[in-house]
Number of protein chains: 2
Amino acid sequence: METRELRYFVAVAEERHFGRAAQRLGIAQPPLSRAIQQLERRLGVTLLDRANRTVALTEAGAVLLCEGRAALAAVEAATRRTRRAGSGLVLAMKAGASTELLRRLLDTYGEPVEVVLCGIAEQARMLRDGRADAALLHLPFDATTGFDTQALHTEGQVVVLPPGHALADRPHLLTAETAALPLARWPGPDGEFVDGPGPQVRDSAQLYELIALGRAAAIVPESSGTHLHRDLPAVPLIDAPTVTTVIAWPPHSRSRALAAFVHAAGLIGQAA
Amino acid sequence: METRELRYFVAVAEERHFGRAAQRLGIAQPPLSRAIQQLERRLGVTLLDRANRTVALTEAGAVLLCEGRAALAAVEAATRRTRRAGSGLVLAMKAGASTELLRRLLDTYGEPVEVVLCGIAEQARMLRDGRADAALLHLPFDATTGFDTQALHTEGQVVVLPPGHALADRPHLLTAETAALPLARWPGPDGEFVDGPGPQVRDSAQLYELIALGRAAAIVPESSGTHLHRDLPAVPLIDAPTVTTVIAWPPHSRSRALAAFVHAAGLIGQAA
DNA sequence: TGTCTCGATACTGGTGCGGTATCGAAGCGC
DNA sequence: GCGCTTCGATACCGCACCAGTATCGAGACA
């Protein structure tokens with residue numbers, strides 16, 4: 001199966017319309033129809049149901065859409081990483097992750113690294129399609145499914161409260177005691193917010209502003225709670241799961257540069 | 001980048017010889033030379049060092065070899081899984097894994113499943129190139145890197161001893177006490193045996209024969225130690241890590257059939 | 001029933017892939 | 001040092017195949 005055929009099929013499967021797919025691909029509709037027919041003939045299965053003037057996926061079509069996307073991403077990744085070979089690594093991380101940890105990692109590695117800030121879903125996509133070589137993730141929150149990982153740092157979590165809050169003087173808190181707090185809600189992987197009493201936030205500046213105003217509280221890893229905003233009280237949450245910062249990369253990827261970077265991460269993980 | 005170009009490059013990179021690669025691909029040498037040149041021109045990087053009548057990989061070439069193999073495997077996987085869509089799942093497992101657990105899993109799933117027996121390295125390869133849809137692995141021994149997993153069953157380990165062995169009457173053992181035993185050695189992922197005092201074994205029939213003869217002992221999961229050979233004494237090893245049988249599959253793969261199979265596995269995991 | 005929309009088909013032209021023949025350079029034996 | 005051999009690159013040619021235009025046939029809709 002050729003990449004061209006896969007691109008054509010994925011376009012039709014996503015658009016469910018030969019005309020629009022052809023337009024998206026920048027070709028005319030007839031060659032697209034023929035290409036899909038040929039693909040079906042070569043695979044020996046029907047991929048699309050063209051009954052009733054609508055295009056629907058068959059079961060085999062659904063499988064090929066899913067597997068084909070992954071295969072196209074792998075081919076793109078090969079192209080991108082080959083072009084980038086020799087120049088620096090690209091590291092995808094979330095905004096708000098520990099800058100202190102990152103600084104130590106980059107220092108230990110020594111070579112130049114391009115850092116890209118994005119959301120968790122985008123991080124995974126960038127690793128898969130080769131736009132990034134590695135990503136910083138946080139267990140147990142982020143799924144590392146499909147990637148190799150190396151632990152960098154493990155820490156507890158703290159509750160960040162408005163100044164003068166009733167709980168601010170406590171030596172530590174339990175998760176149950178935070179139930180009544182207006183805990184800030186972050187957007188999930190799908191961009192949606194879960195329901196809850198607290199305000200919705202999209203970045204850490206916004207979060208800390210809301211806390212300072214007494215409108216929110218937040219449960220965050222120690223390092224972000226204590227290092228960034230000394231003026232806000234942060235109380236250890238002793239029964240919360242510990243947060244592990246890990247570096248993740250596609251399992252087959254083992255270029256010299258990436259291997260050295262992971263090795264540097266291992267040194268930091270040991271030291272911590 | 002087209003799959004054809006990737007296949008050509010991988011062949012040359014593996015053979016380090018245009019003539020042999022062309023022969024392997026079933027084409028003449030000149031079109032192969034031209035295809036590689038065109039690939040290098042399109043990517044904008046040099047992939048091969050053709051100095052001194054030898055072909056060597058550049059750094060970019062090494063990256064493309066690794067990423068290209070993965071991409072080709074993904075394309076092959078798409079082809080195979082699409083062709084197989086609708087017919088039964090293929091499950092890759094190691095010889096000697098728990099048949100009791102497998103029987104329950106297949107019963108719960110209800111649909112026909114083709115079971116393929118192979119080694120651990122082959123299991124991973126089959127998942128990646130689409131010859132299998134899922135695999136049964138054993139944590140913490142097998143690497144599940146790059147796959148999604150669902151726990152099926154967790155159990156302790158036992159030491160299987162020759163009949164009448166001095167340790168056979170003990171209620172339980174510690175790992176330290178097994179140091180002097182001639183523990184059987186299995187071939188690793190690379191097919192090589194690690195060094196050690198015990199005999200080398202390749203299948204469980206051979207293993208149990210050697211134990212019965214008093215020439216070996218083995219540390220195995222409870223289920224294989226007690227269910228299969230009631231005539232050999234099996235002593236719980238209380239400080240050994242517990243063994244978890246998991247079902248693994250490529251993370252993007254979520255066909256209806258696989259989803260149902262994983263769901264069935266989840267039901268069994270809960271029940272256990 | 002006329003019309004519109006959509007995918008399939010018919011036919012044509014140009015690109016590009018693969019083949020044979022050959023070159024130029026680098027080892028290698030004598 | 002000279003020819004021989006081996007290797008990848010180049011030159012040139014023919015054909016297959018891909019894409020484009022024009023058109024068809026079927027189904028939805030008024």
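- Atom-to-atom, CG of A/Leu47 to C1' of C/dG7 comes out at 16 Å; the value is rounded to the nearest Å.
- Summarising the geometry, the separation between CD1 on A/Ile27 and P on C/dT15 is reported as 17 Å, rounded to the nearest angstrom.
- Within the structure, a side-chain polar atom (N or O) of B/Arg50 is placed less than 4.0 Å from OP1 or OP2 of D/dA9.
- Other residues, nucleotides and ligands contribute at most 12 non-hydrogen atoms within 6.0 Å of the CD atom of A/Gln23.
- Distances shown here put every side-chain N or O of B/Gln29 at or beyond 4.0 Å from the OP1 or OP2 atom of D/dT6.
- Taking for each of B/Val55 and A/Tyr8 the nucleotide of DNA chain D with the nearest heavy atom, the 5'-most of the two is the partner of B/Val55.
- Candidate nucleotides D/dG20, D/dT10, C/dG19 were compared by shortest atom distance to the side chain of B/Pro30, and D/dT10 ranks first.
- Checking each of B/Arg7, B/Arg20, B/Arg24 against B/Glu14 for a salt bridge (charged side-chain N to carboxylate O under 4.0 Å, His left out) leaves exactly one that passes, namely B/Arg24.
- Between the side chains of B/Thr58 and B/Asp49, no donor-acceptor pair is found at a separation under 3.5 Å.
- Residue B/Glu15 contributes atom CD, which lies 12 Å from atom P of D/dC7 at whole-angstrom precision.
- In this structure, B/Ile36 places its CD1 atom 14 Å from C1' of C/dC17, rounding to the nearest Å.
- Using a 4.0 Å cut-off, some side-chain N or O of B/Gln38 falls inside it from OP1 or OP2 of C/dC17.
- Taking only side-chain nitrogens and oxygens, B/Ser33 never comes nearer than 4.0 Å to OP1 or OP2 of D/dG8.
- Mapping B/Ala35 and A/Gln37 onto DNA chain C by nearest heavy atom places A/Gln37 closer to the 5' end of the strand.
- Contact annotation: side chain of B/Arg34 to base of D/dG8, donor-acceptor pair absent below 3.5 Å.
- Whole-Å rounding puts the B/Leu39 CG to C/dC17 P distance at 11 Å.
- In this model, the phosphate group of D/dA19 is approached by a side-chain N or O of A/Arg4 to a distance below 4.0 Å at OP1 or OP2.
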Exercise. Decide yes or no on salt bridge (Lys or Arg N to Asp or Glu O under 4.0 Å) for A/Glu122 and A/Arg131, but give the supporting numbers first.
Key: CA-CA 10 Å; A/Glu122 190 65 9; A/Arg131 280 174 298 161; 3.2 Å; yes
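- As rounded to whole Å, 11 Å separates atom C1' of C/dG18 from atom CG of B/Leu32.
- Between A/Arg41 atom CZ and D/dC17 atom C1' there is a gap of 12 Å when expressed in whole angstrom units.
- Closest contact between the side chain of A/His17 and the listed nucleotides C/dA10, C/dG7, C/dG19 involves C/dG7.
- Between the P atom of C/dG18 and the CD atom of B/Gln23 lies a distance of 17 Å, rounded to the nearest Å.
- No donor-acceptor pair closer than 3.5 Å links the side chain of A/Arg16 to the backbone N or O of A/Val55.
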